[in-house]
Protein chains: 2
Amino acid sequence: MHKPAKVTIEDVAAAAGVSRQTVSRVINNGPNVKPAVRQRVEAMVEQLGYVPNLSARRMGGARSYLILSINDRARTFENWTSGRGNDWVDQMLYGGMSECERHNYHMVLELIDTDAGTTIPQIARAVGSLRPDGVILTPPHCDNLELVDWLERQGIPCARVGHYEGGNFVDVYMDDEGAMREVTRHLLELGHRSIGFLAGPLNYGPSQKRRKAFREALAEAGIPPEAGPIGAGNFYFDMAVSVLETMLAAPSPPTAIIADNDKMAFAALHVAADLGLKVPDDLSVISFEDTPGVRFSVPPLTAIRQPTAAMIGKACAQLIALSKGEEGMGAFELPYEFVVRATTKAPRG
Amino acid sequence: MHKPAKVTIEDVAAAAGVSRQTVSRVINNGPNVKPAVRQRVEAMVEQLGYVPNLSARRMGGARSYLILSINDRARTFENWTSGRGNDWVDQMLYGGMSECERHNYHMVLELIDTDAGTTIPQIARAVGSLRPDGVILTPPHCDNLELVDWLERQGIPCARVGHYEGGNFVDVYMDDEGAMREVTRHLLELGHRSIGFLAGPLNYGPSQKRRKAFREALAEAGIPPEAGPIGAGNFYFDMAVSVLETMLAAPSPPTAIIADNDKMAFAALHVAADLGLKVPDDLSVISFEDTPGVRFSVPPLTAIRQPTAAMIGKACAQLIALSKGEEGMGAFELPYEFVVRATTKAPRG
DNA sequence: AAGCCAATTGAGAGCGTTCACAAAATATGT
DNA sequence: ACATATTTTGTGAACGCTCTCAATTGGCTT
């Protein structure tokens with residue numbers, strides 16, 4: 001197990017008969033290199049299998065080629081049981097890594113204990129040691145004002161995913177209002193006249209938008225507010241179960257349920273089974289998330305598919321552009337998709 | 001957006017009235033520092049908010065504090081539709097990051113296109129630029145001999161997750177044979193006399209073990225081989241559906257199905273619903289994976305829970321130990337869990 | 001009190017790159 | 001052909017840390 005000698009920029013320079021700096025120019029795609037020289041250097045890079053050392057690059061004052069993604073520990077699988085976990089992460093990873101890879105960047109993930117109140121020290125530590133070119137904030141961190149302020153003061157470009165508008169940031173999101181309108185209208189057109197909404201937390205931006213659009217779509221169709229009950233206020237399975245039990249026990253219960261995430265939609269499937277209601281004949285169910293496994297549920301869930309991977313990918317792309325000195329700040333809305341599977345149908349009778 | 005001056009080791013040294021090197025000793029927990037001095041330095045580190053720069057550390061010849069995890073692109077959510085994707089990643093992440101965090105390490109994830117035949121160049125690039133202290137290989141990469149050889153020659157400590165025995169590596173796995181024995185016996189005790197197994201790929205180590213144990217457990221109970229049909233040979237939903245349709249159309253069809261992963265277990269749920277079979281009354285189903293969402297299926301799946309997070313955590317822990325010059329190579333078997341939920345029951349009649 | 005060993009501290013070099021220049025080569029205009 | 005711009009190339013310093021090794025300190029022995 002002997003370490004093979006690692007080839008450095010000097011080795012390439014010597015082999016190509018040029019200086020260190022010229023090789024540097026070539027690998028960074030810099031201007032002012034004669035085509036012939038560039039080619040000769042590239043050949044040597046290839047031949048020697050040279051790969052620039054990221055640490056040295058960083059030391060030399062260049063970019064770090066690192067994008068840091070900050071994630072909430074509470075939302076990992078560790079907390080699936082309690083219902084707080086989700087599986088965004090898979091999609092995030094895919095979207096982020098794919099984009100990073102394209103630019104020879106790397107994505108480093110950090111788990112932060114939001115609840116412990118040590119968010120900023122934890123992030124300071126990661127940012128201080130890694131010195132990333134950009135930071136990606138996912139919920140709930142993207143709404144943490146103190147944190148966002150701190151990052152801004154550090155001068156590190158920052159992207160928020162699932163956050164709307166604001167400041168000198170990259171903000172990436174989808175059209176939550178439009179999606180809710182589409183979903184509600186779909187149900188209305190099917191003939192539903194009473195629709196329940198299992199809503200997410202009040203302080204979660206996208207959920208706010210969806211609540212608003214839900215109410216508006218109902219009002220627009222002349223449905224009275226009491227025929228559009230809103231429940232929950234978090235994303236947990238258990239909570240959704242008990243809210244549903246109440247909702248469906250009402251005198252004229254909803255014939256359709258819109259859930260703010262998959263887990264609550266699954267809760268609807270469970271409660272329906274317990275109550276002997278057939279989905280979609282007796283109860284229609286729509287989810288707002290569409291994590292990959294959803295398509296394999298029985299019956300397969302109709303859902304709004306959040307462009308999670310694309311959002312993280314976009315966030316990375318913008319941060320990378322920024323690190324190259326290009327323009328990048330701004331707000332970006334990505335298209336969602338309404339995937340009609342097997343849990344929506346006209347109500348009985 | 002002005003960058004705040006970053007505090008370096010020299011700043012701390014000056015503030016504490018000692019040399020650079022003494023500060024270095026303190027932050028690395030080195031020996032031979034007077035308690036009084038150590039305390040003074042630590043106070044200054046705290047006060048100035050000093051965080052060592054990872055790149056500089058690496059350049060100075062120390063460890064990189066980076067663990068690289070190599071993942072197969074084909075298994076990401078991108079390929080959920082085709083059925084190749086899974087959601088290991090969430091759990092991996094959690095297990096790996098938690099462990100890394102504990103030691104102030106960081107986990108970098110890399111997506112590799114196994115199918116493209118460019119595995120080694122891709123990994124060489126990542127390893128060359130990052131210079132991680134260790135590499136974690138997950139399926140199917142852990143079984144890629146060429147890759148494993150290459151890494152060994154590079155002298156980078158390497159951990160394989162889901163791989164048994166062998167060489168100068170960290171190997172982490174669970175007792176697949178024991179799990180299969182337990183599951184099969186559970187079904188046998190319930191009274192099942194014909195059990196189908198939707199098996200994973202033949203070249204996937206854990207699946208091999210499970211096949212073997214399945215056959216043995218059946219033989220031990222005096223069940224003839226034809227009452228223990230094995231099908232599939234990959235992990236895809238669609239394949240499982242068609243295999244099941246055949247299996248369940250047999251003269252005396254299985255009354256229980258063991259699936260090698262969740263997706264195939266979901267397929268069993270689907271086919272049962274299509275055929276009008278009630279789970280678990282008419283058909284018992286057990287999965288070998290237990291990704292987080294499984295508990296929310298209707299009905300909730302009985303499953304072997306793979307200790308995925310723990311396995312990656314262990315892999316990280318060993319690699320980190322190794323990077324500190326401690327012992328670490330070896331094979332580690334982690335305990336699985338048999339979670340009985342609502343999809344197993346005695347067969348009818 | 002001198003001598004010796006161990007514990008503690010510090011100084012200088014080096015890691016591989018990019019930066020800011022300076023130098024050399026080439027092109028342009030008259 | 002000459003001076004002047006422009007492109008192309010190279011040089012030394014710097015980045016922040018750890019390494020190696022030398023210097024200092026302190027305690028113990030004799």
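A, B, ... follow the sequence lines: proteins, then strands. Residue 1 opens every chain.
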* To do: Hey, which sits more toward the 5' end of DNA chain D by its nearest nucleotide, Lys34(B) or Ile27(B)?
  => Ile27(B)
* **Earlier contact from the 5' end, DNA chain C, for Val33(B) and Val23(A)** => Val33(B)
* To do: Might you confirm whether atom CD of Glu46(A) has over 12 heavy atoms from other residues, nucleotides or ligands at distances under 6.0 Å?
  => no
* Rounded to the Å, how far apart are Arg57(A) CZ and dG16(C) C1'? -> 11 Å
* Between dC17(D), dG10(D), dC15(C), spot the one nearest the side chain of Asn53(B), thanks. => dC17(D)
* **Asn32(B) side chain, from C-beta outward: closest of dT18(D), dG10(D), dA7(C)** => dA7(C)
* Greater than 12 external heavy atoms within 6.0 Å of Glu327(B)'s CD -> no
* Nearest-Å distance, CG (Leu54(B)) to C1' (dC15(D))? -> 15 Å
* Structure fact -> Considering only heavy side-chain atoms of Arg20(B), the closest of dT9(C), dC17(D), dT8(D) is dC17(D)
* Look at the side chain of Ile9(B) and decide which nucleotide, out of dC17(D), dT9(C), dT9(D), has an atom nearest to it. => dC17(D)
* To do: Taking the side chain as every heavy atom from C-beta outward, state whether Leu319(A) and Ser323(A) have any atom pair closer than 4.5 Å.
  => no
* Could you check which of dT18(C), dT9(C), dC15(C) has an atom nearest any side-chain atom of Ala62(A)? => dT18(C)
* Structure fact -> Between CZ of Arg131(A) and C1' of dT18(C) the distance, given in whole Å, is 17 Å
* Decide yes or no for Lys6(A) and Asp11(A): does some side-chain heavy atom of the first lie under 4.5 Å from some side-chain heavy atom of the second? => no
* Asked: Are any of the side-chain nitrogens in Arg63(B) or Asp133(B) under 4.0 Å away from the carboxylate oxygens of its partner?
  -> no
* Can you tell me the distance, in whole Å, between the CG atom of Leu48(B) and the C1' atom of dG16(D)? => 16 Å
* Asked: To the side chain of Ser24(B), which of dT18(D), dG10(D), dT18(C) is closest?
  -> dT18(D)
* For the pair made of CZ in Arg25(B) and P in dA7(C), what is the distance, rounded to whole Å? -> 14 Å
* Asked: How would you label the contact of Pro52(B) with the nucleic acid (heavy atoms, under 4.0 Å): base, sugar-phosphate, or nothing?
  -> sugar-phosphate
* Of the nucleotides dG16(D), dC19(D), dA7(C), which has the atom closest to the Gln21(B) side chain? -> dC19(D)
* Asked: Is the shortest heavy-atom distance from the side chain of Leu111(A) to the side chain of Leu109(A) under 4.5 Å?
  -> no
* Once you round it to whole Å, what is the distance between P of dT17(C) and CG of Asn28(A)? -> 11 Å
* To do: Tell me which of Ala56(B) and Arg40(A) sits closer to the 5' end of DNA chain D, going by the nucleotide each one is nearest to.
  => Arg40(A)
* **Separation of dC15(C) C1' from Arg63(B) CZ (nearest whole Å)** => 17 Å
* Would you say a side-chain N or O of Tyr65(B) is under 4.0 Å from OP1 or OP2 of dT18(D)? -> no
* **Among dC17(D), dA11(C), dT17(C), the nucleotide that comes nearest once only the side chain of Ser19(B) is considered** => dA11(C)
* Going by modelled atom types, is there a donor-acceptor pair between the base of dG16(D) and the side chain of Arg58(A) at under 3.5 Å? -> no
